[in-house]
There are 2 protein chains.
Amino acid sequence: MTELAAIPDTCSDCPIRHRAVCAKCESDELEHLETIKYYKSFEAGQTVVWSGDEMAFVASVVTGIATLSQTMEDGRTQMVGLLLPSDFLGRPGRPLASYDVTATTDLVMCCFRRKPFEEMMVATPHIGQRLLEMTLDELDAAREWMLLLGRKTAREKIASLLSIIMRRDASLMLSDGQGPLTFDLPLTREAMADYLGLTLETVSRQISALRRDGVIVLEGKRRIIVPDFDRLLEETGDDADGGVPV
Amino acid sequence: MTELAAIPDTCSDCPIRHRAVCAKCESDELEHLETIKYYKSFEAGQTVVWSGDEMAFVASVVTGIATLSQTMEDGRTQMVGLLLPSDFLGRPGRPLASYDVTATTDLVMCCFRRKPFEEMMVATPHIGQRLLEMTLDELDAAREWMLLLGRKTAREKIASLLSIIMRRDASLMLSDGQGPLTFDLPLTREAMADYLGLTLETVSRQISALRRDGVIVLEGKRRIIVPDFDRLLEETGDDADGGVPV
DNA sequence: CCGGGCGATTGATCTCGATCAATGACCCGG
DNA sequence: CCGGGTCATTGATCGAGATCAATCGCCCGG
C-alpha cells in the first residue's frame, strides 16, 4: 500500500519545513527534522488511514490531494476536510485517526513520526505557533463550509466549490494572468457530492445547468473553463469582498 | 452596551487561567495576566461584536452562552460556533472579527487586550500550546457539525443538538446521577434552527415529534426531560461509541 | 382585566433535491 | 473490434423540509 522513499539529504521539497510548520526555524533544527521524517506515496483511490486506526505519524502533503471524511453506520458520508499541497494531517497527542483519509489523486506525503515530532514541538516554539495558525485557518475554512452545507442551494454549492478549488490551489491552473481560467477538477462527481452534502446526480445536473447558462465551459468531464470569474463568484451567494479578513 | 467590572485581585474565577489557556502557568505569570485583563457583561440578545468590526481583545466565556454566526446578504444565517463557559473567543494576530458574536443568555466574558495577550503568548509557550489544543478541539467539533449539516435528517439533527448540549455543559443539568436527565435549553427555536441549518418551524415540529414518541418530555417551552439517554442517542444517527478518540 | 408582543405550535401547500432507473462516454485489455 | 468497468449524464417520480399563514400561550405593562 505504501512505499517509503529514501530520506532526502535536504529539506528543500518538504512543505513541513518550508511552507507549513517551521518557516522560521534555524539551521540546527534541520538536522533534527531529517532524522525523524520520511516520505510515503499513495495511488489515487488508496486509503491513507481509516478512522480509529493507530496513526504513528503526522504529515504534510507534498503533492496531490487527500480528503478527510466521516461515515455513518448506514453509509452516509460527509467530507470534512480537503488537503492540498502544504496542508497538515494529524494531531499531536492523538494516536488514533479521527477520520478516514483518502488519496483522491496520486499523493506524496512527508511524514514525521509522532513522538519525536511532539518533542520537537516542545523544543521549538515556532512549530507550535505555525501549527496554531494553520489550525485557525482550517477552522475558518470549516466554518465557511458549514455556511455552505447549512444554507446554500445546490447551485450555490457547486459555484462555491469551484471557486474554493481555484483559489486554494493555483498549481491546478492551466492558464495564467486574466482571461478565461482553466483547471482540472481533482474530484469525481461523487467526491464533490460528499464535499457538498448532495447526491452525485444533483452535482451532475447543477454542473450541466451552469454550463447551459454560460457560467462555465466543460472540456471533457473534468476540465473546467471559467470565462468570467466574477460571474462565477456571483453564483456562490457570498458577498463580493468574500472571505475572512486578515 | 457593556460594563467594565473592576479587575479582581485574584484570577480564581477566570477560565483563561484555570481552565482555558494557561492551566499549567506559574504564579509569576498571574500578575502579568491581571494587568491586562478585564470583565465585560452582556445581556441576553445583545451583540458582542459584528463581523468585520475591530476587536481589540480576545476573551474567554466565564458564564452564559454566546454564538458565532455568519449571514449572507439576503439574510440567510448559519450558526458556526457555540461558546460555553471556558470557551475562547478571538484570534491572536487578527484585529477584525470574522463572525457575528451574540449573547444568547446573560453573559460574562473575561477579556484580554489583544496586543499584550500576543506578547504573553510569545513569552509563555504553555498558553500557545493550550490554545492549539483548544483550537483542535473546536475543529473536531466543527467537523462533527459538518456531518450533521450535510447528511443528517431533521430529526437526527434535533436529537444530536440535544445530546451535544447535554454533554458540553453539565452546568445546565438540573438533575444528578442517573434516571431522567433534566435541563433547560439555552437557545430559542430560531437559534436552534440556525445551528442546525433548518427553519424554526421544522425545529418545532421535530421537537413535538420526539415528544409524541416519548424520547423527550417537555416542561414548558424550554425545559427538557430525557427519560432514557441511550434512546436519545439512538436517534442521533451517530455510532454507539460516538465522538472523537483521545 | 385587557391588549400587545414575542416565542412557539400547528396546518396547508409547494418545491428543491433525493431516489430509482436507463443511457451515454470513455478507457483498457483481450 | 468487442465486452466489461467506471464515471457521468439525463429522465421520471417522490418526499422531506421550506414556505406561507393562522393560532396559541405567556409575560408584562397599563
Side-chain angles (χ1 to χ4, degrees), chain A residues 43-46 67 72 74-78 102 104-105 148-162 184-213 216-224 235 237, chain B residues 43-46 67 72 74-78 102 104-105 148-162 184-213 216-224 235 237:
Chain A
E43 284 168 27
Q46 272 192 320
T67 63
M72 298 168 67
D74 61 5
R76 284 176 280 174
T77 80
Q78 174 66 52
T102 309
T104 62
T105 64
L148 178 151
L149 289 171
R151 296 301 188 191
K152 289 191 178 179
T153 64
R155 169 182 267 244
E156 289 169 338
K157 286 179 177 184
I158 298 289
S160 299
L161 175 57
L162 294 180
D184 282 333
L185 276 175
L187 301 174
T188 65
R189 299 293 186 264
E190 190 180 20
M192 294 174 69
D194 285 343
Y195 187 112
L196 300 171
L198 297 171
T199 59
L200 67 90
E201 293 96 327
T202 297
V203 169
S204 186
R205 270 185 254 271
Q206 294 298 332
I207 288 180
S208 298
L210 288 174
R211 177 170 46 67
R212 261 197 309 281
D213 298 345
I216 59 175
V217 177
L218 285 183
E219 223 176 81
K221 312 292 187 184
R222 295 293 194 91
R223 180 153 302 173
I224 305 278
E235 298 283 350
Chain B
E43 284 169 27
Q46 272 192 320
T67 64
M72 299 169 68
D74 62 5
R76 284 175 281 174
T77 79
Q78 174 65 52
T102 308
T104 62
T105 64
L148 178 151
L149 289 171
R151 295 302 188 192
K152 289 191 176 179
T153 64
R155 169 184 268 244
E156 288 169 339
K157 287 179 176 183
I158 298 288
S160 299
L161 175 56
L162 295 180
D184 283 332
L185 275 176
L187 301 174
T188 64
R189 298 294 185 262
E190 188 179 21
M192 294 174 69
D194 286 342
Y195 188 111
L196 299 171
L198 297 172
T199 58
L200 68 90
E201 293 95 328
T202 298
V203 169
S204 184
R205 271 186 254 270
Q206 293 298 333
I207 288 180
S208 297
L210 288 174
R211 177 169 47 66
R212 261 198 307 282
D213 297 346
I216 57 174
V217 177
L218 285 183
E219 223 176 81
K221 312 292 186 185
R222 295 294 194 89
R223 182 154 300 176
I224 305 277
E235 297 284 350

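Below, read A as the first sequence line, B as the second, and so on, with proteins coming before strands; counting in each chain starts at 1.
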**Asked** Where do A:I216 and A:I207 land on the side chain to side chain contact (heavy atoms under 4.5 Å, CB included) test, with the steps shown first?
**Response** CA-CA 8 Å; A:I216 59 175; A:I207 288 180; 4.1 Å; yes
**From CA spacing to verdict: side chain to side chain contact (heavy atoms under 4.5 Å, CB included), A:T202, A:I158** = CA-CA 10 Å; A:T202 297; A:I158 298 289; over 6 Å; no
**Request:** Could you walk me through whether A:L149 and B:L148 pass the side chain to side chain contact (heavy atoms under 4.5 Å, CB included) test, one step at a time?
**Result:** CA-CA 9 Å; A:L149 289 171; B:L148 178 151; over 6 Å; no
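Annotation: the terminal axes of the helix from C:dC1-D:dG30 to C:dG30-D:dC1 meet at 20°, where each axis is the rotation carrying the C1' atoms of four end pairs onto the next four (5 pairs per end, rounded to 10°).
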Return a table of donor-acceptor pairs under 3.5 angstrom between the side chains of residues 188-195 of chain B and protein atoms on other chains or two or more places apart.
from   : atom 1 : to     : atom 2 : distance (Å)
B:T188 : OG1    : B:E190 : N      : 3.3
B:T188 : OG1    : B:A191 : N      : 3.0
B:R189 : NH1    : B:K221 : O      : 3.4
B:R189 : NH2    : B:K221 : O      : 2.8
B:D194 : OD1    : A:R151 : NH2    : 3.2
B:D194 : OD1    : B:T77  : OG1    : 3.2
B:D194 : OD2    : B:T77  : OG1    : 3.2

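Under the side-chain hydrogen bond (donor to acceptor under 3.5 Å, both in side chains) criterion, A:E201 pairs with no residue at all, not counting sequence neighbours. B:S204 is linked by a side-chain hydrogen bond (donor to acceptor under 3.5 Å, both in side chains) to nothing, counting only residues two or more places apart in sequence or in another chain. Taking the side-chain hydrogen bond (donor to acceptor under 3.5 Å, both in side chains) definition, one finds that B:R223 meets it with B:D184, sequence neighbours left out. For B:E156, the side-chain hydrogen bond (donor to acceptor under 3.5 Å, both in side chains) partners at least two apart in sequence or on another chain are A:R76, B:T153.
Residue contacts shown for B:S204 include a base, since a base heavy atom lies under 4.0 Å away.
Here D:dC26 presents its P atom at 15 Å from CZ of B:R223, a figure rounded to the nearest Å. A:L200 places its CG atom 12 Å from the C1' atom of D:dT10, with the value rounded to the nearest Å. When rounded to the nearest whole Å, the span between CZ of A:R211 and C1' of D:dT10 equals 11 Å. Between B:D194 atom CG and C:dG7 atom P the separation is 13 Å, expressed in whole Å. Rounded to whole angstrom, the span from the CD atom of A:E219 across to the C1' atom of C:dC26 amounts to 16 Å. Protein atom NZ of A:K157 is 14 Å distant from nucleotide atom P of C:dC16, rounded to whole Å. The distance from atom CD of B:E190 to atom C1' of C:dT9 is 15 Å, rounded to the nearest whole Å. The distance between atom CZ of A:R189 and atom C1' of C:dC26, rounded to the nearest whole Å, is 14 Å.
Residue pairs meeting the salt bridge (charged side-chain N to carboxylate O under 4.0 Å, His left out) criterion with at least one member in residues 203-213 of chain A, sequence neighbours excluded, are A:R155-A:D213.
Listed pair B:R222 / C:dG7 fails the phosphate criterion, with no side-chain N or O lying under 4.0 Å from OP1 or OP2.
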**Item:** Under 4.0 Å protein heavy-atom contact, by nucleotide of nucleotides 16-25 of chain D - B base, S sugar-phosphate only
**Value:** -SSBB-----
